[in-house]
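What follows is one structure encoded as structure tokens, with my remarks underneath.
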There are 2 protein chains.
Amino acid sequence: MKLEEAQHQFIASWGAFGSHWGINRTMAQIHALLMISPDPLSQDDIMEQLNISRGNVNMNIRDLVDWGLVFRILIPGERKEFFSAEKDIWKVATQIVKERKKRELDPMLRLLDQLEDVEGDKKDKHIKQFTETVSSIRRFGLQADKMLDGLVKADENWFLGNLMKIFR
Amino acid sequence: MKLEEAQHQFIASWGAFGSHWGINRTMAQIHALLMISPDPLSQDDIMEQLNISRGNVNMNIRDLVDWGLVFRILIPGERKEFFSAEKDIWKVATQIVKERKKRELDPMLRLLDQLEDVEGDKKDKHIKQFTETVSSIRRFGLQADKMLDGLVKADENWFLGNLMKIFR
DNA sequence: CTGAAGTTTCAAAAATTAATGAAATTAATT
DNA sequence: AATTAATTTCATTAATTTTTGAAACTTCAG
């Protein structure tokens with residue numbers, strides 16, 4: 001397969017993949033483009049390569065920077081800003097886990113905590129089912145939370161090495 | 001907090017939560033409603049409780065059944081169909097992992113496999129960066145794949161027990 | 001077989017989310 | 001301080017996704 005074609009395919013499917021994970025298609029495509037670019041790119045480079053508007057590039061780049069997946073690069077002598085992606089896939093993954101945990105899991109756990117005690121007759125089946133469901137989800141979430149904390153802190157090889165042993 | 005209020009909050013936020021995970025809001029809300037319902041509900045019950053149309057309930061229920069998160073229940077003597085959710089949160093999680101792996105990770109890995117060998121000078125920095133990126137993502141994906149297979153097969157307590165030991 | 005109850009489908013409408021591009025802002029250069 | 005380059009914002013437009021509701025279909029009962 002030709003490089004150009006392969007690059008396009010990669011960008012397109014990383015975009016589709018990302019859209020299943022709460023990351024919008026364009027953001028994921030920009031990320032893909034930057035991951036396969038040996039050198040940092042400017043906003044204009046990205047606009048040209050992906051055929052998208054300046055505003056769109058700007059907004060999505062900013063989100064990527066917020067997510068810690070892309071860095072602003074200042075090239076001496078150049079007036080423009082350039083951008084470069086984190087290329088260590090393990091760091092990409094832990095970064096995403098960390099951010100999503102903060103944005104989604106943590107708030108959900110805080111809510112479940114509040115919902116766990118509702119007023120009323122503990123024998124009522126509606127109350128019983130509700131509190132059972134909420135507390136089991138909460139317990140599960142707390143476990144996941146701990147596990148993800150560990151994951152984020154862990155060193156790549158150490159983690160995968162151990163996990164592989166467990167799972168054969 | 002009153003039961004009714006707590007139920008509404010739970011349904012609303014489970015919906016919001018789900019929408020970050022590629023599951024649409026209504027589908028997640030129906031799932032939430034069924035998880036906290038002590039008895040199976042009919043399509044009409046769901047329409048009424050969530051204020052959504054018949055068609056909408058029908059389509060989303062079908063998806064939930066496809067995902068293996070909701071079961072059709074036939075109540076003897078009743079003409080209507082009733083629905084009930086899987087309430088074991090561990091099963092819910094493994095079911096989701098299994099489905100998403102099949103729908104997303106597996107196809108992505110198949111693509112990466114093809115993209116790994118592009119024509120041309122292996123010394124060219126564009127080719128080099130591309131193949132490096134693709135193959136590192138692929139290696140990572142294969143690890144994740146194995147790990148998730150293990151996860152899905154594992155028994156709840158066994159898995160959490162082990163993982164907790166690792167992560168302190 | 002006929003009618004009523006229940007379920008499914010799907011084209012059209014509504015709602016939501018993303019993209020554009022021009023204007024405003026900021027930063028660097030002369 | 002004026003000019004030019006680069007970046008950011010955001011109201012408008014476009015695209016996508018979700019919801020509706022009525023018609024078609026299916027199933028069961030009499």
Side-chain angles (χ1 to χ4, degrees), chain A residues 11-34 39-67 69-84 103-104, chain B residues 11-34 40-67 70-84 103-104:
Chain A
I11 290 169
S13 30
W14 196 250
F17 196 64
S19 68
H20 289 289
W21 287 87
I23 289 151
N24 92 13
R25 218 174 66 255
T26 305
M27 202 197 307
Q29 287 182 353
I30 294 175
H31 183 226
L33 174 62
L34 291 173
D39 305 306
L41 302 180
S42 68
Q43 294 203 15
D44 294 85
D45 295 333
I46 297 169
M47 285 169 65
E48 197 191 324
Q49 299 251 357
L50 302 180
N51 273 297
I52 55 180
S53 72
R54 182 175 302 286
N56 198 4
V57 171
N58 190 276
M59 286 170 134
N60 285 114
I61 274 282
R62 177 216 285 224
D63 283 350
L64 284 165
V65 171
D66 285 350
W67 276 78
L69 299 175
V70 164
F71 312 111
R72 260 167 232 276
I73 305 278
L74 293 170
I75 294 184
E78 284 278 8
R79 182 125 163 216
K80 281 184 195 162
E81 285 184 320
F82 287 78
F83 298 92
S84 175
R103 295 172 196 212
E104 296 159 35
Chain B
I11 291 169
S13 29
W14 195 251
F17 196 63
S19 69
H20 289 289
W21 287 88
I23 290 151
N24 92 13
R25 220 175 63 254
T26 305
M27 201 195 306
Q29 287 183 352
I30 294 175
H31 183 226
L33 174 62
L34 291 173
L41 302 181
S42 68
Q43 293 203 133
D44 294 84
D45 295 334
I46 297 169
M47 283 168 66
E48 198 192 323
Q49 299 252 355
L50 301 180
N51 273 296
I52 55 180
S53 72
R54 182 175 304 285
N56 199 2
V57 170
N58 191 278
M59 286 171 135
N60 285 116
I61 275 282
R62 176 215 284 224
D63 283 349
L64 284 166
V65 171
D66 286 349
W67 276 77
V70 165
F71 313 112
R72 257 167 236 275
I73 305 279
L74 292 171
I75 295 185
E78 284 279 9
R79 181 120 166 225
K80 282 185 193 161
E81 287 184 318
F82 288 77
F83 299 92
S84 174
R103 294 171 196 212
E104 297 159 33

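Just so you know, these numbers use all the heavy atoms, side chains as well, and skip hydrogens, waters and symmetry mates. Numbers restart at 1 for each chain; the letters A, B, ... are given by sequence-line order, proteins then strands.
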Kindly say whether B:S42 contributes a backbone atom to a donor-acceptor pair with the side chain of B:D45 at under 3.5 angstrom?
-> yes
For the pair made of NE2 in B:H20 and P in C:dT17, what is the distance, rounded to whole Å?
-> 10 Å
Roughly how many Å is it from CD in B:E81 to P in D:dT27, rounded to a whole number?
-> 11 Å
Heavy-atom check, side chain of A:R54 versus side chain of A:Q43, under 4.5 Å | yes
Distance (rounded to the nearest 0.5 Å) between A:I23 CD1 and A:I30 CD1 = 12.5 Å
Partner nucleotide, any strand, of C:dA13 [Watson-Crick/G-U, under 3.5 Å] | D:dT18
Within this structure, what is the CG-to-P distance between B:L64 and C:dT8, rounded to whole angstrom?
-> 14 Å
Please report, rounded to the nearest Å, how far the P atom of D:dC28 is from the NZ atom of B:K80.
-> 16 Å
Between A:N58 (CG) and C:dA18 (P), how many Å, whole number?
-> 17 Å
Mind checking whether B:L34 and B:I61 have side chains closer than 4.5 Å, heavy atoms only?
-> yes
Rounded to the nearest angstrom, tell me the gap between atom CD in A:Q43 and atom P in C:dG21.
-> 15 Å
Per-nucleotide protein contact along nucleotides 10-23 of chain D, 5' to 3', at a 4.0 Å heavy-atom cut-off (B base, S sugar-phosphate only, - neither), is B-------SSBB--
Please report, rounded to the nearest Å, how far the C1' atom of C:dT7 is from the CG atom of B:D45.
-> 15 Å
Nearest 0.5 Å, what's the CD-CG distance between B:E48 and B:L41?
-> 10.5 Å
Parallel, tilted or perpendicular: ring planes of A:H31 versus A:W14, cut at 30 and 60 degrees | tilted
In whole angstrom, what separates A:I46's CD1 from D:dT8's P?
-> 12 Å
